[in-house]
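Working notes for the structure below.
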Amino acid sequence: MNSFSARVLDLVKRVPRGRVTTYAEIARAAGSPRAARAAGNALNKNPRPVRVPCHRVVSSGGKIGGYSRGVAIKTSLLRREDVFAKGGRIAGFEKLFFRFNKTA
DNA sequence: CCTGGGGCAGCCG
DNA sequence: ACGGCTGCCCCAG
């Protein structure tokens with residue numbers, strides 16, 4: 001695993017329960033603002049070994065985004081944390097949005 | 001709302 | 001090491 005992926009995973013692990021963040025935000029915090037896609041790619045493969053709450057990572061604007069095991073699972077996991085997705089969107093996304101500390 | 005093009009790291013040949 | 005394809009995306013039209 002490379003530093004980028006490692007950073008991405010580490011960042012995702014910091015997202016508190018019941019909160020969500022975006023791929024773009026993670027990419028930014030990881031040091032590559034334009035690498036949201038790459039960040040998602042990293043999440044797709046890495047979360048096998050360790051438990052990474054990928055379900056707390058959504059797309060920009062509060063869209064559900066994707067999930068390797070299926071968006072339905074992702075939605076369920078979120079709902080489990082009192083985060084509800086209505087029509088492919090996170091309800092109250094802006095309030096639940098978690099921003100990383102840049103100095104991390 | 002849908003379509004097209006761009007940008008970035010990982011993986012494979 | 002090199003080049004090309006891919007993806008849980010993003011932004012503009």
Side-chain angles (χ1 to χ4, degrees):
Chain A
M1 171 178 317
N2 343 0
S3 56
F4 181 77
S5 309
R7 229 170 293 171
V8 170
L9 293 179
D10 188 57
L11 287 166
V12 173
K13 284 192 293 186
R14 296 185 196 184
V15 180
R17 189 169 172 281
R19 302 288 295 280
V20 292
T21 190
T22 68
Y23 298 99
E25 179 65 17
I26 288 177
R28 191 183 316 168
S32 299
R34 303 293 169 192
R37 203 170 186 179
N41 194 6
L43 283 177
N44 185 13
K45 300 197 169 182
N46 283 327
R48 281 182 265 183
V50 275
R51 249 183 232 174
V52 183
C54 326
H55 62 281
R56 294 181 193 153
V57 185
V58 300
S59 183
S60 254
K63 288 180 302 212
I64 278 294
Y67 200 63
S68 42
R69 291 160 67 188
V71 183
I73 303 298
K74 187 174 184 175
T75 303
S76 298
L77 290 168
L78 286 172
R79 187 174 52 191
R80 181 187 297 180
E81 303 182 357
D82 294 312
V83 177
F84 301 96
K86 309 280 186 179
R89 285 297 182 103
I90 303 297
F93 160 72
E94 311 220 338
K95 292 194 303 180
L96 302 175
F97 184 70
F98 177 81
R99 298 192 186 190
F100 293 103
N101 201 349
K102 284 188 178 182
T103 58

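All chains are named by letter (A, B, ...) in the order of the sequence lines, taking the proteins before the strands, and each is independently numbered beginning at 1.
Going from atom CG of A:Leu9 over to atom P of B:dG10 covers 11 Å, rounded to whole Å. Atom CZ in A:Arg34 sits roughly 9 Å away from atom P in C:dA12 (whole-Å rounding). A:Arg28 places its CZ atom 12 Å from the C1' atom of C:dC10, with the value rounded to the nearest Å. C:dG7 atom P lies 20 Å from atom CD1 of A:Ile26, rounded to whole Å. Atom-to-atom, CG of A:Asn44 to P of C:dC5 comes out at 20 Å; the value is rounded to the nearest Å. Remark: P of B:dG10 and CZ of A:Arg7 are 10 Å apart, rounded to the nearest angstrom.
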Distances under 3.5 Å between nitrogen or oxygen atoms of protein and nucleotides 1-6 of chain B:
from  : atom 1 : to      : atom 2 : distance (Å)
B:dG6 : O6     : A:Arg37 : NH1    : 3.0

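Residue-to-nucleotide proximity on DNA chain C shows that, of A:Ser59 and A:Asn41, the 5′-proximal contact is made by A:Asn41. Between A:Ala38 and A:Val58, it is A:Ala38 whose nearest contact on DNA chain C lies nearer the 5' terminus.
Among residue pairs with one or both ends in residues 90-99 of chain A, none qualify as salt bridge (charged side-chain N to carboxylate O under 4.0 Å, His left out); sequence neighbours excluded. For residues 54-72 of chain A, the set of pairs meeting the salt bridge (charged side-chain N to carboxylate O under 4.0 Å, His left out) definition, not counting sequence neighbours, comprises A:Arg56-A:Glu81.
By the 4.5 Å side-chain criterion applied to Ile, Leu, Val, Met, Phe, Trp and Tyr, A:Ile73 is assigned to a cluster that also includes A:Tyr67, A:Leu77.
Both A:Val15 and A:Val8 belong to a common hydrophobic cluster when Ile, Leu, Val, Met, Phe, Trp and Tyr are linked at side-chain heavy-atom distances under 4.5 angstrom. In the hydrophobic clustering of ILVMFWY residues, with side-chain heavy atoms under 4.5 Å counting as a link, A:Phe97 and A:Leu43 come out apart. At a threshold of 4.5 Å between side-chain heavy atoms, the hydrophobic network of Ile, Leu, Val, Met, Phe, Trp and Tyr places A:Val12 and A:Phe4 in one connected group. Hydrophobic clustering places A:Val57 together with A:Phe100 (ILVMFWY residues linked when any side-chain heavy atoms are closer than 4.5 Å, directly or through intermediates).
Residue A:Ser59 holds its OG atom at 8.5 Å from CZ of A:Phe93, rounded to the nearest 0.5 Å.
Note on A:Thr22: every side-chain N or O is 4.0 Å or more away from OP1 and OP2 of C:dC9. At least one side-chain nitrogen or oxygen of A:Ser5 sits closer than 4.0 Å to the OP1 or OP2 atom of B:dG10.
A:Thr21 contributes a side-chain N or O that, together with a main-chain N or O of A:Phe98, makes up a donor-acceptor pair within less than 3.5 Å.
Side-chain proximity of A:Ala36 to the nucleotides B:dC11, C:dC10, B:dG10 is greatest for C:dC10.
Annotated stems with DNA chain C as a participant read B:2-6 with C:9-13, B:8-13 with C:2-7, given as range with range, by first number; only runs of 3 or more Watson-Crick or G-U pairs under 3.5 Å qualify.
Of the residues in residues 60-78 of chain A, A:Ser60, A:Gly66, A:Tyr67, A:Ser68 come within less than 4.0 Å of DNA chain C through at least one heavy atom, sorted by number.
A 4.5 Å side-chain heavy-atom check between A:Ile90 and A:Ile64 finds at least one atom pair inside the cut-off.
Considering all non-hydrogen atoms of both residues, A:Val71 and A:Gly65 come closest at CG2-O, 3.8 Å.
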